[in-house]
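Every chain is numbered from 1 and lettered A, B, ... according to where its sequence line falls, protein lines coming before strand lines.
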Amino acid sequence: MAAMNFKEIEDKWQRRWEERKIFDADIGGVKKFFLSVPYPYTSGPLHIGHGRTYTLGDIIARFKRLQGYNVLFPMAFHVTGTPILAIADSIAKGEETVVARYNDYIAIYEGAAKVKEIVSSFGKPENVAHFFADRISDDFKRMGYSIDWRRKFNTTEPMYNKFIEWQFKKLYDKGVITKGKYPITYSIDDKSAVGEDDIEDGDITKVTTIEHTTIKFKLSDMDSYLVAATLRPETIFGVTNLWINPAARYVKVKVGGGEFWIVSREAAEKLGYQREEIETMEELAGEYFLGKHVKTPIDDREVPVLSASFVDADVGTGVVYSVPAHAPYDYIALEDLRRAEGVEIAPIRIIDIEGYEMPAKDICEQMGIENQADERLEEATQRIYKDEFYRGVLNEVCGDFAGVKIAAIKDAVKDWLKGEKIADVFYETSRKAVTRGGGKVIVAVLQDQWFIDYTPKWWKDLGHKLVDGMTFYPDKYKAYMHDIIDWLAFRPCARKRGLGTEFPFEKGWIIESLSDSTIYMAMYTIAHLLRQLPVDALTESFFDYVFLGLGDAEALSKAINVDATILKRIKDEYEYWYPNDLRHTAPPHLSNHLVFFLMHHAAIFHASKWPKAITLNELMIREGRKMSKSKGNVIPLADVSELYGVDIYRLYCAINADFASVVNWREQDTEALRKRFNTLAELFEGSVDVEALKEAEFTHTDRWLLSKFYRRLQESVERFDAFRIREAGINMLFNVLNDIRYYEQRESADRRKRIVRNILEDWLIILSPIVPHICEEVWHKLHDSFISVQTLPELKVEFIDDRVEHEEAYLVALIGDIKEILKIARIKPGKIYLYTAENWKWEIFRAIKDLPDRDKIKEAMKIRKDNLLSTVDFVKQVMKNLSLKKKALPKKENTLYFELDEAEVLAREREYLTDEFGCEIQINEAYDPKGKKRFAIPLKPAIFVVE
RNA sequence: GCGGGGGUAGCCGAGCUGGACAAAGGCGCAGGACUUAAGAUCCUGUUCCGUAGGGAUACGUGGGUUCGAAUCCCUCCCCCCGCACCA
């Protein structure tokens, strides 16, 4: 037979599914299932790692259809936020790395001729978004996803803006939209906020804002403060001196309240973006301060200002306070000074920690660090910090704070210092960074940032209640979600730039992109209908009516000038599909998207519309390594069909790992899977034109195969239903293939073709969620209908036959035993004698098979005393083979025990055994020269082989 | 440090509500069948010992509970993730 052209098959069925619109979901039908997966962000192509989540989602959708549910599986595109905008800006400016990257991206989809033209169109963000949205739709179609595309939308469409506005009005009414200060990364050159995609290498090493604490030290001979910045304000008790870089420039600035601060010139500039009133007075050289003294703020000691080369004017304030007992830099800098100038300053130890005498000194000696130019000082600092933070305790030097772990007291010290007006806040970037254009990145503080306040108790209570009522798979994430709800507090929800919906309560702000992706699943239920309405009609009362059931259609109809029947129709659609029965996504979303998803539903929607279940699959790696564009090891989803074949990719996703495990994409494994898949295809092909076996002609082996198959089918449906797709897949593919292989050995290739025909249709149906294309192809050779919209067959339980399976297992075990003997004895069999256990052995066997405890063994032994093999030995042997349980386990059947007419089975299979061993087989003959007969126990005949 | 997840054969990876476990399945490797050959496919083997279906040793380490432990409890070692506003 001609090999199947899988590529052709994929194309054919994808085209027909689309033409016949078989996945368009319309309301109606008793059972509905609404599944959602995250909408992709359209800044670039998706890769096979992303595909795992969508593929598993599709497998679930397809399985639910088999179960008879009316399934809605929709898709949309996420465009909101800064990345797409940043990309467009970069391309408009002609930045080479970005242009090169997008050349590569577009080359995935387009011929070289068009690449340049398309990239140049990317100066406009909407072109980027539309291009990739279209390509990703194509990718998804090519993956065979059973999506209802009519409901597609993107997050910058006017109707979506209206919907998000409505959401924020609902939250505002609940009083959870608030204002406050907030630090952001900011470009001085661009005069705007910058995100990961604006920053040079921002995708490789993220830049975050770090809160430093500034501490004021009054100069003895001036009306000014030297202001030091620190990440460890709790060490203020151990300060011995200040550090200044003599080569740096410092300035005196007047801050709000009329104080004069001295900080580095760089820090003064940053302060200008972080505080409201800053006035620069005069500039001074660093060395000007050397030898001066300052007062320590809390204990009023006089300490010197010294010189240190490690102080960087562009980090913090350019002034550092020295805690040589606990800071390796300070310790080493003092050592340098002592050697050079004979300065003697004794460290003040303020933290007790097991394993250290004087931590900074200890670690420097341990690591062999000798001067402040040593790069390992950074590592030493990290190590000490981690140790002290978690294990260290402030000692008696620290007054009221003594005796408490740093981790528990750090913030209290900081707050106390702030309260005493000693400390203030200064933000710094987590590393030095520049924009892709080369402009310096600093931290600016927005004075009136908008937040969502997740702290109200009523809200958290609702969130917990919602989670309690949900299913999570893997289950462990449920407890985790409760924790996340507890620590969730304030979250910025609007920003100054990016694409998205205008913030309804203040001009100039855009709703931030995670905050606009929380309840969008509701949009899927009505998106295709909203398209028919003018945008003006999508008012607050419109959404109130549709989603919350407020008001009535007639009144609304007049208000927004839309026919009431249309309004009712829209509402019906929402009422039918909502809630979201399953959200399938990945664990990294737990502490952001998913918790917002749940909390916003809890706050806005009626409890009957709360989400039902969340399933999460881990990531995909490739050849043991994380996939990332910087490593260059990503495979675009668009290439899957060409490189591997879609069904094989889907199969890999389904059976390579459970949801809870990372999938490792290995070429070697895809190759192995391809061979398996080909075998499967050949099996299908070989049976479509063959006549199935009639019940009247069933042999024992036929019944065995059918029994195995339907038992596996039954198990697999249960596992599928519990999202254990991997187990179901392995069972229905690998295990069934093995059964069939065994069957063929036992019977013949011709008969195998016929028996496979018996199970073919049911097999195709259960495999169709995972490998829909091949199943659709074969199905159409048998039926003029789509397998994708079939329902599971009535389970043919009548074929599940314990006795038949037991007999076969018995035979397999016997053959194994005989082979074992032949191997050990190294003989060629001339004749094989088999002796089955006598009746009295069966009696004992029955008597003890389900003993609740060992005591009854004595009872059983009374049944008979035998002088060949003592009953005691016999019972022991039986016990061993039976693996009797101390307590009868209700969950697992003891399948080691079963009733069997051994002699009958052996007689029936004598011919098979004869073939198998190429010699005569004698059953229960009196001839027993070696006395083997006595070794027979039930289900394990004695064997005697004659050469 | 706290919280969560792990450590199973040459590799990947099941099992882990205690008993069917020398341990599923796959890969790799070795031998065989088929083939002019290669590939594909199929069979057999893949801890050690054993001329009768057996025995010994094994699931990070060291203990414990039990008739019985990869599975339960405790010690220790090692790896991964999170630890707070950050997308």
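Note: A:Tyr480 and A:Tyr477 have tilted aromatic rings, judged against thresholds of 30 and 60 degrees for the angle between ring planes. Under the 30°/60° scheme for interplanar angles, the aromatic rings of A:Tyr520 and A:Tyr39 are found to lie parallel.
Checking B:A52, B:G28, B:G25 against the side-chain heavy atoms of A:Phe734 singles out B:G25 as nearest. Nearest nucleotide to the side chain of A:Ser591, out of B:U51, B:G26, B:A87: B:A87. The side chain of A:Ile943 approaches B:G53 more closely than any other nucleotide in the set B:G53, B:A87, B:G82. When distances run from any side-chain atom of A:Ile821 to the nucleotides B:G53, B:G50, B:C85, the shortest one goes to B:G53.
Taking atom CZ of A:Arg491 as the reference point, atom C1' of B:A87 lies 7 Å away to the nearest angstrom. Atom CD1 of A:Ile484 is separated from atom P of B:G4 by 14 Å (rounded to the nearest Å). The separation between A:Ile730 atom CD1 and B:C12 atom C1' is 12 Å, rounded to whole Å. Taking atom CZ on A:Arg622 and atom P on B:C12, their separation rounds to 19 Å, with Å as the unit. Here B:C42 presents its C1' atom at 13 Å from CG of A:Leu683, a figure rounded to the nearest Å. Rounding to whole angstrom units, CG of residue A:Asn656 and C1' of B:G26 are separated by 9 Å.
OP1 or OP2 of B:A40 lies within a sub-4.0 Å distance of a side-chain N or O belonging to A:Lys675. In this structure, A:Gln668 does not reach the B:G26 phosphate: none of its side-chain N or O atoms is under 4.0 Å from OP1 or OP2. At the phosphate of B:C42, OP1 or OP2 sits under 4.0 Å from a side-chain N or O atom of A:Arg741.
Residue-level contact check: A:Ala489 touches the bases, meaning some heavy atom is under 4.0 Å from a base atom. Among the protein residues, A:Glu744 comes within range of no part of the nucleic acid, since none of its heavy atoms lies under 4.0 Å from any strand.
Between A:Arg674 and A:Arg726, the residue whose closest nucleotide on RNA chain B is further toward the 5' end is A:Arg726.
Judged by distance alone, the side chain of A:Thr455 and the main-chain N or O of A:Ala489 form no donor-acceptor pair under 3.5 Å.
Geometrically, A:Arg232 does not engage A:Tyr385 in a cation-pi contact defined by less than 6.0 Å to the ring centre and at most 45° from the axis.
The shortest distance between side-chain heavy atoms of A:Tyr743 and A:Arg751 falls below 4.5 Å.
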